[in-house]
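For the numbers below, each heavy atom of this structure counts, side chains included, while hydrogens, waters and symmetry mates do not. Residue numbers start from 1 in every chain, and the chains themselves are labelled A, B, ... in the order their sequence lines are given, proteins ahead of strands.
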There are 2 protein chains.
Amino acid sequence: MKIPAKTVFYTIERTIKTYRKFSKKHFLKVVDDITVDQKLVLQYLNDHPELSQNEIAELVFKDNASLTRMIDLMVRKGFLKRSINPDDRRRFNIELTPKGKEILEKLAPVIITNRKKAFAGISQEELMQLDTTLNKIISNLNND
Amino acid sequence: MKIPAKTVFYTIERTIKTYRKFSKKHFLKVVDDITVDQKLVLQYLNDHPELSQNEIAELVFKDNASLTRMIDLMVRKGFLKRSINPDDRRRFNIELTPKGKEILEKLAPVIITNRKKAFAGISQEELMQLDTTLNKIISNLNND
DNA sequence: TTCATTTTATTGATATATCAATTATATTTG
DNA sequence: CAAATATAATTGATATATCAATAAAATGAA
């Protein structure tokens with residue numbers, strides 16, 4: 001008999017890795033040279049252009065140093081454009097180039113299909129329950 | 001109102017990152033210079049000394065190249081000892097040094113405490129349900 | 001206003017992730 | 001058996017993760 005307490009984190013890890021691999025595969029069918037995390041960064045910047053690098057880093061669970069390098073790369077690849085923010089010269093305005101926007105447009109339907117696939121045969125209630133349990137775990141771990 | 005299908009993977013990712021940060025913090029209170037993944041590798045090798053690097057890589061969701069470098073490092077740090085396998089000279093026998101075993105012994109109680117903390121207030125049924133839902137997702141993603 | 005503190009981003013060092021290419025050894029097949 | 005194929009591990013190149021140190025600008029308090 002399985003003892004879930006011993007294996008749940010293993011299963012969680014496996015889920016996220018499987019999903020990342022799956023996403024990557026389907027992303028690459030419509031756009032080449034994009035990673036799952038780069039897509040996330042593009043999406044956040046598109047929806048909230050005022051975000052600082054630090055804020056994006058927090059949203060995608062990375063640190064500032066990683067974000068600096070990711071954004072450098074995305075600028076080099078022509079997805080993003082950095083310009084100085086005259087209101088606060090420590091930070092940058094970062095905006096999507098047309099190429100960056102095009103990538104998001106191409107990926108939008110893929111995201112929807114991916115989610116459908118991932119959650120096939122799982123009810124809304126079951127997803128809610130999943131979300132609830134995971135949030136309990138997060139809050140347990142943070143109260144320490 | 002929240003739409004879990006849009007955010008579940010975000011929550012899953014957050015759970016695993018939070019748990020890793022939490023584990024790391026508590027690991028470092030009893031052992032210095034260890035990572036969560038290194039501990040996992042030590043554990044697998046301790047429980048199944050016959051495992052090849054490739055097999056371990058699969059168990060910890062990494063690729064062979066990463067494992068090669070991780071094991072190199074763990075040998076340099078004196079946690080592991082590599083020796084040639086005379087039955088198949090392509091692979092190595094990898095065994096824990098006394099130092100490696102000591103690390104596992106020191107971490108064992110921490111693991112138990114960590115799990116207790118993580119799952120406080122969550123019933124066995126709820127954990128089972130979590131496990132079930134995640135496995136449905138994994139299987140959905142793999143049938144593609 | 002000036003100095004100390006905080007914030008934002010960068011850089012350096014080291015480890016890890018990923019993919020492709022390579023080496024050495026084993027296994028299979030004609 | 002010899003040649004082709006497969007397997008285990010390594011290496012190289014590039015990207016990312018993490019921590020510590022730093023630089024530049026903004027903010028706060030005396």
Query - Sugar-phosphate, base or nothing in reach of B:Asp63, heavy atoms under 4.0 Å - result: base
Query raised in the report: Considering only heavy atoms from C-beta outward, does the side chain of A:Asp37 approach that of A:Lys62 to under 4.5 Å?
Result: yes
Report summary line: When rounded to whole Å, the CG to C1' distance for the pair B:Asn93 and D:dA8 reads 13 Å
Report task. Answer yes or no: is there an ion pair linking B:Glu105 with B:Lys101, defined by an N-O contact shorter than 4.0 Å? Result -> no
Query - Neighbour count >12 (heavy atoms, 6.0 Å) for atom CD1, A:Ile84 - result: no
Query raised in the report: When the ring planes of B:Tyr10 and A:Phe61 are compared, do they come out parallel, tilted or perpendicular, using 30° and 60° as the limits?
Result: tilted
Report task. Pick base, sugar-phosphate or nothing for A:Arg20, based on heavy-atom distances below 4.0 Å to the nucleic acid. Result -> nothing
Requested in this report: Mind calculating the distance between CG (A:Asp37) and C1' (C:dA17) to the nearest angstrom?
Outcome: 12 Å
Query raised in the report: Of all the choices, C:dT6, D:dA9, C:dT10, which nucleotide is nearest to the side chain of A:Arg90 once you look at every atom?
Result: C:dT6
Report task. Round to a whole Å and report the spacing from CG of B:Asp88 to P of D:dA6. Result -> 17 Å
Query raised in the report: NA contact type, A:Ser66, heavy-atom cut-off 4.0 Å: base, sugar-phosphate, or nothing?
Result: base
Query - Atom-pair distance (CZ on B:Arg91; C1' on C:dA26), nearest Å - result: 12 Å
Report summary line: d(A:Tyr19 OH, B:Leu141 CG) to nearest 0.5 Å is 8.0 Å
Query raised in the report: Are A:Asn54 and C:dA9 close enough that a side-chain N or O sits under 4.0 Å from OP1 or OP2?
Result: yes
**Report entry** Under-4.0 Å side-chain N/O to phosphate OP1/OP2 contact, A:Arg89 with D:dA25
**Finding:** yes
Query raised in the report: Is the closest side-chain donor-acceptor distance between A:Ser66 and A:Asp63 under 3.5 Å?
Result: yes
Between the protein and nucleotides 11-15 of chain C, are there any N/O to N/O pairs under 3.5 Å, and if so, what are the atom names and distances?
unit_1, atom_1, unit_2, atom_2, d
C:dG12, N7, A:Arg69, NH2, 2.6
C:dG12, O6, A:Arg69, NH1, 3.3
C:dG12, O6, A:Arg69, NH2, 3.4
C:dA13, N6, A:Arg69, NH1, 3.3

Requested in this report: Figure out the NZ/C1' separation between A:Lys62 and C:dT16, and round it to whole Å.
Outcome: 13 Å
Report summary line: Between A:Asn85 and A:Phe61, whichever has its closest DNA chain D nucleotide further toward 5' is A:Phe61
Query raised in the report: If a stem is a run of at least 3 consecutive Watson-Crick or G-U pairs, both distances under 3.5 Å, which stems include DNA chain C?
Result: C:1-30 with D:1-30
Query raised in the report: What nucleic acid atoms does B:Lys24 come within less than 4.0 Å of, heavy atoms only: base, sugar-phosphate, or nothing?
Result: sugar-phosphate
Query - From A:Asn46 atom CG to A:Ile103 atom CD1, the distance as rounded to the nearest 0.5 Å - result: 11.5 Å
